[in-house]
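Single-structure report; data block below.
Worth knowing before you read on, the calculation uses all heavy atoms, side chains too, and leaves out hydrogens, waters and symmetry mates. Counting convention: from 1, in listed order, for ligands and their atoms alike.
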Amino acid sequence: MLCKGLAEEELFSFLSKKRGEDLCHSHILSSMCTVPHPVAVKAHLMFMETNLGDPGLFPGTASLERLLIERLGDLFHHQEAGGYATSGGTESNIQALRIAKAQKKVDEPNVVIPETSHFSFKKACDMLGIRMKTVPADRCMRTDINQVGGAIDKNTIALVGIAGSTEYGMVDDIGALAAIAEEENLFLHVDAAFGGLVIPFLPDPPPFDFALPGVSSIAVDPHKMGMSTLPAGALLVREPEMLGLLNIDTPYLTVKQEYTLAGTRPGASVAGALAVLDYMGRDGMEAVVAGCMKNTHRLIRGMETFGFPRAVTPDVNVATFIADRPVPKDWVVSRTRRGHMRIICMPHVTADMIEQFLMDIGECENA
Ligand code: PLP
């Protein structure tokens, strides 16, 4: 701790120097987050000091959270869905498994989960004392449905399906998983942290949401394709009462019980998330998603002309390539667990950026 406080000018010159050390979005191709939409920033600034952890103090902000869940429930074909705003996919996945564990009490719980699942499930299972029974992916990097039944046993408390996988952008056959969940009377959590705000806006969306009776809960992140400020995730549950299974007493707050994982929770990013959805409307979101998908397809075609074949044909805007050569200077891409080059065509990734990246790739090839 500094003994004497800094002058404001000195402080902000230090902060802006540090900010200048951050990478610039004009070259970031590896992130599932993006530059927030200006209306999200404006709304966020209006709600800076609001705390959804004590909703009685902020009833207006709390009603925005309910509206956000209503909008997402409507989008996912179930207006009566329950839910709340989380800090992101990690928290939503943890909470979904907490509900499944509270619903089915067994001595040695396990969860049947795709090989392609996000690492947040490892954290969730570690914290909750749940064993992960991993189901391998098929050649297209979707969960091999034929292997799901064999992985279920009497200690299985939940199935997980992925709608928009982190590394390959694939949507599992959620219809088949939902049918198995119904037959086996199991909780099915769909991790749509990324795909939840892409799939509904595709011209021919694969089924993945509450329209399938076997789906119990869905994770979706407005801070990814929803272009909100950070942190903004959401967990939706088919029956609002499911959340009550997580209730603990909170004697000194304006509410006497809470089911959330975090205590203090930002209202600002919830306002930001709702602002984007309401400002864009379905038409606006369809246009954003169409742009991202167009860029994804252009990138795949372009990379293939340079001899970098796609690893899979993605369902959402994540492109992966068999390419073990270095990436052109200044560009940031990532690598999957299997070593494929991975690029996410987020809203900040413009058509011009894709063309520039392809030109740079071409120059590297000819060098
Ligand atoms: N689930 C999926 C499918 C993801 O892609 C991610 C992050 O990329 C997460 C969960 C974790 O989300 P967060 O980092 O917001 O906790």
Side-chain angles (χ1 to χ4, degrees), residues 28-34 36 40 68 72 76 83-98 111 113-128 132 134-135 137 141-143 158-172 174 177 188-200 206 208-209 215 217-236 260-262 265-266 269-270 272-273 292 296 312 314-320 332-337 340 342-349:
I28 297 179
L29 303 176
S30 60
S31 178
M32 290 193 142
C33 290
T34 193
L68 177 66
L72 294 170
F76 297 161
Y84 81 96
T86 64
S87 57
T90 301
E91 179 177 341
S92 302
N93 291 338
I94 293 170
Q95 290 285 82
L97 294 195
R98 272 185 82 201
V111 56
I113 195 159
E115 173 199 337
T116 54
S117 61
H118 185 260
F119 54 77
S120 50
F121 286 102
K122 286 211 176 95
K123 299 183 191 178
C125 289
D126 181 37
M127 289 164 70
L128 295 167
M132 285 174 85
T134 306
V135 180
M141 295 307 286
R142 291 191 190 93
T143 300
L159 305 181
V160 171
I162 315 294
S165 60
T166 314
E167 288 172 283
Y168 290 92
M170 303 308 293
V171 179
D172 283 339
I174 305 293
L177 286 172
L188 170 61
H189 174 60
V190 176
D191 182 358
F194 186 76
L197 287 170
V198 180
I199 302 164
F208 78 103
D209 62 20
V215 171
S217 62
I218 302 178
V220 55
D221 282 357
H223 69 204
K224 296 187 167 72
M225 282 298 289
M227 297 169 288
S228 90
T229 48
L230 305 175
L235 173 66
L236 275 85
T260 57
L261 188 60
R265 294 187 301 125
S269 45
V270 170
C292 293
T296 308
V312 291
D315 295 318
V316 297
N317 41 326
V318 178
T320 46
V332 190
V333 303
S334 64
R335 295 269 166 196
T336 68
R337 278 172 275 188
H340 296 130
R342 166 181 175 265
I343 291 177
I344 302 124
C345 292
M346 293 301 287
H348 71 266
V349 178

Could you tell me whether the side chain of Arg342 and the main chain of Tyr168 form a donor-acceptor pair under 3.5 Å? no
Backbone of Cys292 reached by a side-chain donor or acceptor of Asn317 within 3.5 Å: no
Using the side-chain contact (heavy atoms from CB on, under 4.5 Å) rule, pick out the option among Ile199, Thr166, Val220, Val318 that qualifies with Phe194. Val318
Could you pull out the N/O contacts under 3.5 angstrom between ligand 1 and the surrounding protein atoms?
from, atom 1, to, atom 2, distance (Å)
ligand 1, 1 (N), Asp191, OD1, 3.2
ligand 1, 1 (N), Asp191, OD2, 2.7
ligand 1, 5 (O), Thr166, OG1, 2.8
ligand 1, 12 (O), Gly89, N, 3.4
ligand 1, 12 (O), Lys224, NZ, 2.9
ligand 1, 15 (O), Gly89, N, 3.2
ligand 1, 15 (O), Asp221, OD2, 3.2
ligand 1, 15 (O), His223, NE2, 2.9
ligand 1, 15 (O), Lys224, NZ, 3.0
ligand 1, 16 (O), Gly89, N, 3.4
ligand 1, 16 (O), Thr90, N, 2.8
ligand 1, 16 (O), Thr90, OG1, 2.5

Distance-minimising heavy-atom pair for Asp191 and Asn93: OD2-ND2, 3.1 Å
Of the non-hydrogen atoms in His348 and Ile28, which two are nearest, and what is the gap between them? NE2-O, 2.9 Å
Among residues at least two apart in sequence or on other chains, which ones pass side chain to side chain donor-acceptor pair (under 3.5 Å) with Thr86? Ser92
